[in-house]
Every structure is written in structure tokens, then in C-alpha cells.
Amino acid sequence: MATPLSPEQIERLARRRAGAKLGWYVHAGVYLLFNGAFFVLSEFGVGHRHWSVYPALGWGLGVVLHGIAVFVLGPGSGVRERLIERERERLRRTQR
């Protein structure tokens with residue numbers, strides 16, 4: 001069972017999680033803004049090649065990985081907490 005957190009620890013963790021989530025939202029917003037502009041330039045600019053898909057795919061992968069790091073694997077996420085608890089139990093068993 002996890003040790004209860006002090007009010008200071010709760011505040012610190014809440015601020016850290018909120019900052020990480022806000023960082024992802026900013027990243028996703030900038031991605032949408034710039035890739036929208038790239039699409040417009042690609043479609044209506046000089047030339048007839050549709051090149052905007054390449055930065056969208058590459059940068060999109062970065063946004064997805066950032067989201068996984070924040071929402072799935074970040075501090076306090078369910079996956080991370082379960083793995084930590086499993087490791088605690090394994091270490092307790094090996095010390096006996």
C-alpha cells in the first residue's frame with residue numbers, strides 16, 4: 001500500500017502534473033497551428049507537390065509520444081503506479 005502524501009507533496013505533485021499537461025496542450029496547439037499553415041502553403045503555394053504531410057507525420061509522432069509520456073507514463077499515472085507497486089512488492093519479497 002502506498003504511503004499517504006503530505007499536503008506539501010500533494011501540492012508539488014499536482015503542480016508538476018498540471019505543468020506537464022499544460023506543456024502537452026501547448027505542444028499540440030502549436031502543432032495544429034503550424035501544420036495548418038504548412039498545409040495551406042503546400043496546397044496553394046508555389047509548386048504542385050503536397051509536402052505538408054511529411055512534417056505533419058514526423059511532428060505528429062513527437063506529439064503522440066509526448067502525450068504518452070505525460071498521460072500514460074507520467075508521475076502518478078495508473079500504469080506507472082502499478083509498476084512501482086509491483087517493484088516494491090518484489091523487493092520486499094527478496095529481502096525476506
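Scope of the values below: all heavy atoms of this structure, side chains included, with no hydrogens, waters or symmetry mates. Positions are given from 1 along the sequence.
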* To do: Go through the structure and list residues passing ring-ring contact (aromatic ring centres under 6.0 Å, His included) with Phe71, not counting sequence neighbours.
  =>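 Phe71: ring-ring contact (aromatic ring centres under 6.0 Å, His included) contacts with Trp24.
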* Asked: Which pairs count as ring-ring contact (aromatic ring centres under 6.0 Å, His included) when at least one residue sits in residues 73-96, sequence neighbours excluded?
  ->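 For residues 73-96: none.
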* Selection residues 73-96 - residue pairs positive for ring-ring contact (aromatic ring centres under 6.0 Å, His included), sequence neighbours left out ->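 Counting only pairs at least two positions apart or across chains, no ring-ring contact (aromatic ring centres under 6.0 Å, His included) contact touches residues 73-96.
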* To do: For Arg92 and Glu89, run salt bridge (Lys or Arg N to Asp or Glu O under 4.0 Å): C-alpha distance rounded to whole Å, both residues' side-chain angles, the deciding distance at 0.1 Å, then the answer.
  => CA-CA 5 Å; Arg92 286 180 188 137; Glu89 290 302 318; 2.7 Å; yes
* Asked: Should we count CZ of Phe39 as having more than 12 external heavy atoms under 6.0 Å?
  ->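 It does not: Phe39 CZ has 12 such atoms or fewer within range.
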Partners of [X] by side chain to side chain donor-acceptor pair (under 3.5 Å), sequence neighbours excluded?
X: Arg90; value: Glu87
X: Thr94; value: none
X: Arg15; value: Glu11
X: Trp51; value: none

Side-chain donor-acceptor distances from residues 55-64 under 3.5 Å, at least two apart:
| from | atom 1 | to | atom 2 | distance (Å) |
| --- | --- | --- | --- | --- |
| Trp59 | NE1 | His27 | NE2 | 3.1 |

Under the side chain to side chain contact (heavy atoms under 4.5 Å, CB included) test, which residues partner [X], sequence neighbours left out?
X: Gln95; value: none
X: Ile10; value: Leu5
X: Leu83; value: Val79, Arg86

* Going by side-chain heavy atoms closer than 4.5 Å, which hydrophobic residues are tied to Phe44, directly or by a chain of links? ->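 Under the 4.5 Å side-chain rule, Phe44 groups with Val40.
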* Asked: With the 4.5 Å side-chain cut-off for hydrophobic clustering, are Tyr25 and Leu73 part of the same group?
  ->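 They do not share one cluster, since no chain of ILVMFWY contacts under 4.5 Å joins Tyr25 to Leu73.
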* Nearest-0.5 Å distance, CG of residue Asn35 to OG of residue Ser52 ->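 Between atom CG of Asn35 and atom OG of Ser52 there are 7.5 Å.
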* Minimum heavy-atom separation for Arg49 to Ser42, with atom names? ->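 Answer, listing the atom of Arg49 first, then Ser42: O-OG, 3.4 Å.
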